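Comments concern the structure below.
Throughout, residue positions are numbered sequentially from 1 according to the sequence presented. What you see is a predicted model, and the numbers here were worked out from it, not measured in a lab.
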Amino acid sequence: TLVAWWPARAPAGAAGLTGTWSLTAAPPANDAGSRYEKLRLHLTHSGEEVKLYSDPIATADDPVWKAFAAQWMERFDAPLDHVVWRGAGRVRMEQGAPLSFDVELRVERPQGSDKPIEGGRLAAELAPGGDRMSGALWMNGEQAERTMEMTRER
């Protein structure tokens with residue numbers, strides 16, 4: 001008698017939102033907008049909560065952040081070489097609907113700060129298969145919403 005055992009595979013998307021994602025946002029609508037063409041986000045999904053943080057974003061790589069960093073240096077006499085996104089929000093898991101989330105973003109110095117430098121909102125919906133998301137990015141400084149896509153990194 002031959003007996004074989006294969007571990008059960010979780011259905012697509014069973015990992016929820018937890019993981020590392022690559023975000024690409026549409027170009028900014030105005031000169032107040034930064035370019036986010038390959039931003040790495042790390043999401044942790046537990047129950048109805050989701051938290052995220054980004055890899056550091058180099059201020060010298062983006063004209064808007066570069067100008068802001070120069071103003072920061074002038075005002076605080078301290079360099080602002082990088083910023084990070086941090087946020088927390090709610091996951092929606094409605095019967096028959098795709099998994100989705102809404103996060104309030106804070107843009108901060110990597111070492112943290114009492115007050116965020118910038119704020120915003122990120123909302124996305126998980127596509128079938130669990131490896132892609134699409135949604136919207138709003139940054140308060142821009143006062144404009146942009147579409148964005150996220151791809152799960154392996």
(Q) Quick one, Trp85 with Leu39, criterion side-chain contact (heavy atoms from CB on, under 4.5 Å). Give me CA distance, side-chain angles, the key distance, then yes/no. (A) CA-CA 10 Å; Trp85 288 4; Leu39 178 60; 3.4 Å; yes
Q. Stepwise, does the side-chain contact (heavy atoms from CB on, under 4.5 Å) test hold for Val50 with Arg90?
A. CA-CA 6 Å; Val50 64; Arg90 305 304 276 165; over 6 Å; no
Q. How far apart are the C-alpha atoms of His45 and Thr18, what are their side-chain angles, what is the distance that settles it, and do they pass the side-chain hydrogen bond (donor to acceptor under 3.5 Å, both in side chains) test?
A. CA-CA 5 Å; His45 171 193; Thr18 297; 5.1 Å; no
Q: Show your reasoning for whether side-chain contact (heavy atoms from CB on, under 4.5 Å) applies to Glu94 and Leu99.
A: CA-CA 7 Å; Glu94 298 170 12; Leu99 193 64; over 6 Å; no
**Q.** Residues Leu17, Val91; criterion side-chain contact (heavy atoms from CB on, under 4.5 Å); working and verdict
**A.** CA-CA 9 Å; Leu17 305 171; Val91 175; 3.9 Å; yes
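With sequence neighbours excluded, the residues satisfying side-chain contact (heavy atoms from CB on, under 4.5 Å) with Ala26 are Arg146, Thr147. Taking Arg132 as the reference, Thr151 meet the side-chain hydrogen bond (donor to acceptor under 3.5 Å, both in side chains) condition, with sequence neighbours excluded. Considering only residues two or more places apart in sequence or on other chains, Asp131 meets the side-chain contact (heavy atoms from CB on, under 4.5 Å) condition with Arg152, Arg154. Thr59 is linked by a side-chain contact (heavy atoms from CB on, under 4.5 Å) to Trp65, Ala69, Leu80, Val83, counting only residues two or more places apart in sequence or in another chain. Not counting sequence neighbours, Thr44 has no partner by the side-chain hydrogen bond (donor to acceptor under 3.5 Å, both in side chains) test.
A pairwise comparison of heavy atoms in Glu145 and Ala136 identifies CD-CB, 3.5 Å as the closest pair. Shortest non-hydrogen contact noted between Pro27 and Arg35 is CB-NH1, 3.5 Å. Ala29 and Ala144 make their closest contact through CB-CB, 4.0 Å (heavy atoms, listed as atom of the first residue, atom of the second, distance). Of all non-hydrogen atoms in Gly16 and Leu126, the two that sit nearest each other are O-CD2, 4.2 Å.
In this structure, Tyr53 OH and Arg40 CZ are separated by 9.0 Å, a value rounded to the nearest 0.5 Å. Between Ser22 atom OG and Met150 atom CE the span is 8.5 Å, to the nearest 0.5 Å. Rounded to the nearest 0.5 Å, atoms CD1 (Ile57) and CG (Asp81) are 13.5 Å apart. Between Ser54 atom OG and Leu43 atom CG the span is 11.0 Å, to the nearest 0.5 Å. Separation of atoms CZ (Phe68) and CG (Asp62) is listed at 12.5 Å; rounding is to 0.5 Å. Rounded to the nearest 0.5 angstrom, Glu37 CD and Asp61 CG are separated by 10.5 Å.
Listed for the Glu142 side chain is no donor-acceptor partner under 3.5 Å among the backbone atoms of Met139.
Considering only heavy atoms from C-beta on, Trp138 stays 4.5 Å or farther from Leu105 through its side chain. Counting only heavy atoms from C-beta outward, the side chains of Phe101 and Leu122 approach each other to under 4.5 Å. You'll find the side chain of Trp21 reaches within 4.5 Å of the side chain of Met133, heavy atoms only.
Residue pairs that meet the side chain to side chain donor-acceptor pair (under 3.5 Å) test with at least one member in residues 118-130, sequence neighbours left out, are Asp102-Arg121.
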